Amino acid sequence: MSDTKIALVTGGTGGIGTTLCRALTDQGRKVVANYFPPEKENAEAWQAEQKEAGYDIGIAGADVTDYDAVGEMIKSIEEEFGPVSILVNCAGITRDKTLKGMTPDMWNAVINTNLNSAYNVTRQVFLGMTERGFGRIVNISSINGQKGQFGQANYSAAKAGLHGFTMAVAQEGARKNVTVNTVSPGYVETDMTALIAQEVLDSIIKQIPMGRMAQPEEIALAVTFCTDDANSFMTGANLPVNGGMFIH
Ligand code: CAA
């Protein structure tokens, strides 16, 4: 039997997710990218594109806000590929608005997709990891979960919550060689930051000491550091990858 470990990346077909899937494949993992089911056609096209570029990546649809749907997805991944040993919780959305205009729908969508999702997925792979004595979990948070961001009360709350989740679960996994860490990217060139109005983006870039946004590869490097088999004593950490925009 192959000893290749299975890595699941939620939001795997997205801006940072795609690069993470490739980097984890380069690390020797069998990667499965989770996608949002209404995007099935796009996900299949994405998979074909990856294959053409030399990356054989599995895809698995499930709405990460739905606990039972996630359970079904994990069952089918385990049947097809084997148990999940590496999990990257990367699914995330924005619904930016100042608090006075932020509707309950905007609040709930972001909390459900960016924070509750981590519980929904992690809970359903964690026990297996502890039983097998190996696990690497990485939660993709954000600089805006560390410092807060004007217009992002929902997103900042969810991303700060993710690191709280990391710190708690890290303690629960520690004796079983299951590490749990957070990576907090700053502003990265993806479809998500492309939604920001140009003049707002220009003023944000002025606040980044490196004077530019990150490339997804620069985030992936921190993630594969966390998922390395040999990286077995670092847990509960929050790695900032933000070009010096927030240092503490
Ligand atoms: N500090 C103080 N005032 C600010 C401000 C800031 N940082 N940013 C905007 N304002 C002001 C504007 O100048 C404007 O002032 P006037 O009303 O006097 O003209 C006012 O706030 C805008 O207020 P509104 O209530 O009209 O704004 P809105 O509810 O439509 O929301 C916004 C505006 C969508 C939040 C817009 O400011 C914005 O896009 N901000 C950027 C948010 C951001 O950084 N998002 C990151 C997305 S990428 C991501 O999230 C990935 C990651 O992890 C980093």
Side-chain angles (χ1 to χ4, degrees), residues 9-21 23 34-36 64-65 88-118 121 137-167 181-226 237-248:
V9 180
T10 72
T13 61
I16 295 179
T18 299
T19 304
L20 291 183
C21 288
N34 151 261
Y35 65 90
F36 186 47
V64 288
T65 68
V88 184
N89 286 308
C90 183
I93 58 169
T94 53
R95 295 287 183 273
D96 293 357
K97 200 80 184 161
T98 51
L99 188 61
K100 67 178 191 291
M102 187 176 284
T103 62
D105 278 354
M106 297 167 99
W107 174 264
N108 290 326
V110 171
I111 299 295
N112 285 332
T113 305
N114 298 17
L115 178 60
N116 292 340
S117 61
V121 187
I137 299 170
V138 185
N139 295 316
I140 306 299
S141 179
S142 164
I143 184 174
N144 293 342
Q146 298 179 290
K147 70 166 189 59
Q149 170 60 36
F150 186 102
Q152 284 199 310
N154 49 4
Y155 188 89
S156 300
K159 293 297 192 178
L162 259 186
H163 186 55
F165 180 73
T166 290
M167 292 189 291
N181 291 290
T182 298
V183 170
S184 288
Y187 285 76
V188 186
E189 256 182 55
T190 62
D191 288 350
M192 185 181 272
T193 49
L195 293 174
I196 305 171
Q198 191 58 49
E199 67 276 14
V200 176
L201 194 56
D202 290 344
S203 79
I204 288 170
I205 291 172
K206 279 201 196 104
Q207 298 162 45
I208 305 173
M210 287 195 185
R212 64 170 178 89
M213 288 199 277
Q215 293 303 313
E217 288 74 10
E218 295 173 305
I219 310 307
L221 201 56
V223 175
T224 51
F225 174 65
C226 295
N238 188 355
L239 301 190
V241 189
N242 61 35
M245 191 182 189
F246 180 70
I247 297 173
H248 77 128

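Since the model is a prediction, treat every value here as computed from it, not as a measurement. Counting starts at 1 for both ligands and their atoms, in listed order. Only heavy atoms go into these numbers, but all of them, side chains included; no hydrogens, no water, no symmetry mates.
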Requested in this report: Using distance alone, with no hydrogens and no angle criterion, decide if Asn108 and Asn112 have a side-chain donor and acceptor under 3.5 Å apart.
Outcome: no
Requested in this report: Could you pull out all residues at least two apart from Gln146 that satisfy side-chain contact (heavy atoms from CB on, under 4.5 Å)?
Outcome: Ile143, Ser184, Asn238, Pro240, Asn242, Phe246, His248
Query raised in the report: Listed by chain and number, what are the side-chain hydrogen bond (donor to acceptor under 3.5 Å, both in side chains) partners of Thr182, not counting sequence neighbours?
Result: His163, Thr166
Query raised in the report: Which parts of the protein, at residue level, reach under 4.0 Å of ligand 1 through a heavy atom?
Result: Thr94, Asp96, Lys97, Thr98, Lys100, Ser142, Asn144, Gln149, Phe150, Gly151, Gln152, Tyr155, Gly186, Tyr187, Met192, Thr193, Ile196, Val200, Ile204
Query raised in the report: Counting distance only, does the side-chain N/O of Asn181 pair as donor-acceptor with the main-chain N or O of Ala237 below 3.5 Å?
Result: yes
Enumerate, atom names and distances included, each donor-acceptor pair closer than 3.5 Å involving a side-chain atom of residues 198-205, sequence neighbours excluded.
from   : atom 1 : to     : atom 2 : distance (Å)
Gln198 : NE2    : Asp202 : OD1    : 2.8
Ser203 : OG     : Val200 : O      : 2.9

**Report entry** Atom of Leu115, atom of Ala158 and distance for their closest heavy-atom approach
**Finding:** CD1-O, 3.8 Å
